[in-house]
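For reference, the structure discussed in these notes is given below.
Below, chains carry the letters A, B, ... as their sequence lines are ordered, and counting in each starts from 1. No experiment lies behind these values; they were computed from the predicted model shown.
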Amino acid sequence: MRSRPLGAAFYRRPVLAVARDLLGATLCRRLGDGTILRGRLVEVEAYGGEEDLASHARFGPTKRNRRMWEPGGLAYVYLVYGMHHCLNVVTGARDEPQAILLRAAEAPNDAPASGPGRLTRAFAVDRALDGASFLHGEALWVEAAEPIPDRAVVRTPRIGVAYAGTWAAKRWRFTVRGHPAVSRGTFRL
DNA sequence: GGTGCGATTGCA
DNA sequence: GCAATCGCACCA
């Protein structure tokens with residue numbers, strides 16, 4: 001089943017609401033040769049506001065993170081550890097620096113894209129897509145699919161943000177209960 | 001202009 | 001358990 005790309009009204013909402021609703025939705029990626037890769041999202045993490053000590057936004061806008069201050073509905077892509085790309089979708093209104101890290105999806109070729117670095121590799125995403133719009137079905141977009149019921153949503157602390165003090169404990173990681181593609185990153189408080 | 005490290009992964 | 005690997009934020 002194919003549907004239209006989720007639009008500005010979907011992304012320009014509070015980041016936790018968008019993160020919850022992205023679970024189960026279909027991430028779509030059109031390659032240069034026209035090939036379309038599709039896979040349902042099963043794990044995402046919300047990052048919200050300059051006050052969120054886990055977020056790249058915590059030091060204010062910089063060359064790397066400036067996309068987060070734009071209105072919701074565009075990609076924020078960065079390189080971590082000198083080798084892995086991470087794909088985020090910006091949410092909220094302009095000057096609300098929120099974004100959602102896409103951490104795992106059912107990959108097109110049946111190989112689970114389990115973990116943010118693996119997801120970007122499976123969907124051929126790199127920094128050339130930083131700032132790309134999710135709204136028009138071009139290189140990158142998300143389509144609504146069968147919703148995940150509340151009883152199947154599991155929230156945990158975010159992965160790899162132990163440096164964030166009390167913000168590390170917030171359960172802003174959303175996963176689909178028991179789904180095999182959910183990454184088994186470890187979190188500690 | 002120099003330095004330290006990260007929203008990770010794969011291999012020992 | 002730890003190395004790989006580099007853009008960039010931060011300090012001087």
Side-chain angles (χ1 to χ4, degrees), chain A residues 11 14-23 25 27 29 39 41-70 72-92 96-107 109-132 134 140 142 153-176 179-189:
Chain A
Y11 296 106
V15 66
L16 292 176
V18 180
R20 162 66 181 87
D21 292 344
L22 278 179
L23 277 188
L27 176 64
R29 163 86 171 105
L41 293 165
V42 299
E43 176 183 351
V44 300
E45 278 178 357
Y47 290 85
E50 303 190 39
E51 70 280 7
D52 179 1
L53 295 183
S55 172
H56 289 171
R58 67 189 181 278
F59 296 129
T62 68
K63 179 178 182 183
R64 177 175 71 161
N65 67 16
R66 62 200 167 92
R67 304 298 186 187
M68 295 182 74
W69 276 260
E70 297 200 38
L74 54 81
Y76 165 40
V77 184
Y78 65 90
L79 185 67
V80 271
Y81 298 107
M83 60 190 90
H84 303 295
H85 294 278
C86 287
L87 171 61
N88 299 253
V89 55
V90 175
T91 71
E96 290 175 356
Q98 309 175 340
I100 297 167
L101 173 64
L102 308 184
R103 290 190 54 93
E106 299 171 337
N109 45 16
D110 233 12
S114 181
R118 290 170 170 162
L119 183 148
T120 53
R121 193 176 55 185
F123 285 84
V125 170
D126 64 22
R127 284 180 303 156
L129 287 171
D130 187 42
F134 273 80
L140 216 45
V142 177
V153 175
V154 178
R155 294 178 58 166
T156 80
R158 294 170 288 185
I159 305 298
V161 296
Y163 56 80
T166 58
W167 290 84
K170 294 191 178 298
R171 304 173 83 83
W172 284 9
R173 174 178 179 241
F174 295 75
T175 70
V176 176
H179 195 288
V182 171
S183 75
R184 43 191 179 78
T186 52
F187 49 83
R188 56 192 185 83
L189 306 179

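The listed nucleotides are B:dT8, B:dT9, C:dT5; the one nearest the side chain of A:Arg118 is B:dT9. Set against C:dC8, B:dT9, B:dA7, the side chain of A:Val161 has B:dA7 as its closest nucleotide. Closest approach to the A:Leu79 side chain among C:dG7, B:dT8, B:dA7 is made by C:dG7 (side chain taken as heavy atoms from C-beta onward). Here the side chain of A:Leu101 is nearest to one of B:dA7, C:dA9, B:dT9, namely B:dA7. Distance from the side chain of A:Ser55 is smallest for B:dA7 among the nucleotides B:dA7, B:dG6, C:dC8. Checking C:dA9, B:dA7, B:dG10 against every side-chain atom of A:His56, the shortest atom distance belongs to B:dA7. For A:Pro116, taking side-chain heavy atoms from C-beta onward, the closest of the listed nucleotides B:dT9, C:dT5, B:dA7 is B:dT9.
Separating the CE atom of A:Met83 from the C1' atom of C:dC8 is a distance of 16 Å, rounded to the nearest angstrom. Rounded to a whole Å, the OH atom of A:Tyr81 is 14 Å from the P atom of B:dG10. As rounded to whole Å, 8 Å separates atom C1' of B:dG10 from atom NE2 of A:His84. Here the C1' atom of nucleotide B:dT8 and the CG atom of A:Asn88 are 14 Å apart, to the nearest Å. Between the CE atom of A:Met68 and the P atom of C:dA9 there is a distance of 13 Å, rounded to whole Å. Protein atom NZ of A:Lys63 is 14 Å distant from nucleotide atom P of C:dC10, rounded to whole Å. One interatomic measurement links the two molecules: CZ of A:Arg67 to P of C:dC8, which rounds to 12 Å at whole-angstrom precision. A:Glu50 places its CD atom 15 Å from the C1' atom of C:dA9, with the value rounded to the nearest Å.
Counting any heavy atom pair closer than 4.0 Å across all strands shown, A:Arg127 reaches sugar-phosphate atoms only and no base atom. Among the protein residues, A:Phe59 comes within range of the sugar-phosphate backbone only, with heavy atoms under 4.0 Å from sugar or phosphate atoms but none that close to a base.
Pair assignment for C:dT5: none, as no Watson-Crick or G-U wobble contacts are both less than 3.5 Å. Nucleotide B:dA7 is matched to nothing when pairs are restricted to Watson-Crick or G-U wobble geometry with both distances under 3.5 angstrom.
Judged by atom type and distance alone, A:Tyr78 reaches the base of B:dA7 through a side-chain donor-acceptor pair under 3.5 Å.
The cationic atom of A:Arg67 (NZ for Lys, CZ for Arg) does not lie both less than 6.0 Å from the six-membered ring centre of A:Tyr76 and within 45° of the ring axis.
Taking every heavy atom of both residues into account, A:Met68 and A:Ala99 meet most closely at CE-CB, 3.9 Å.
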A:Arg173 and A:Glu43: salt bridge (Lys or Arg N to Asp or Glu O under 4.0 Å), yes or no, with the steps? CA-CA 7 Å; A:Arg173 174 178 179 241; A:Glu43 176 183 351; 2.9 Å; yes
Given the rule in the salt bridge (Lys or Arg N to Asp or Glu O under 4.0 Å) test, do A:Asp52 and A:Arg158 qualify, once you have shown the distances and angles that lead to the verdict? CA-CA 12 Å; A:Asp52 179 1; A:Arg158 294 170 288 185; 2.7 Å; yes
Hey, mind stepping through A:Val153 and A:Leu23 against side chain to side chain contact (heavy atoms under 4.5 Å, CB included) and telling me if it holds? CA-CA 8 Å; A:Val153 175; A:Leu23 277 188; 3.9 Å; yes
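OP1 or OP2 of B:dA7 sits under 4.0 Å from a side-chain N or O of A:Tyr163. Side-chain N/O atoms of A:Arg64 include none lying less than 4.0 angstrom from OP1 or OP2 on B:dG6. The side chain of A:Arg121 places no N or O atom within less than 4.0 Å of a non-bridging phosphate oxygen (OP1 or OP2) of B:dT8.
Note on ring orientation: taking the six-membered ring where Trp is involved, the planes of A:Trp172 and A:Trp167 are perpendicular (angle over 60°, cut-offs 30° and 60°).
Comparing C:dT5 with B:dG2, their P atoms are spaced 23 Å from each other, to the whole Å.
Residue A:Tyr47 and nucleotide B:dA7 are classified as a stacked aromatic pair, their ring centres being separated by less than 5.5 Å at an interplanar angle below 30°.
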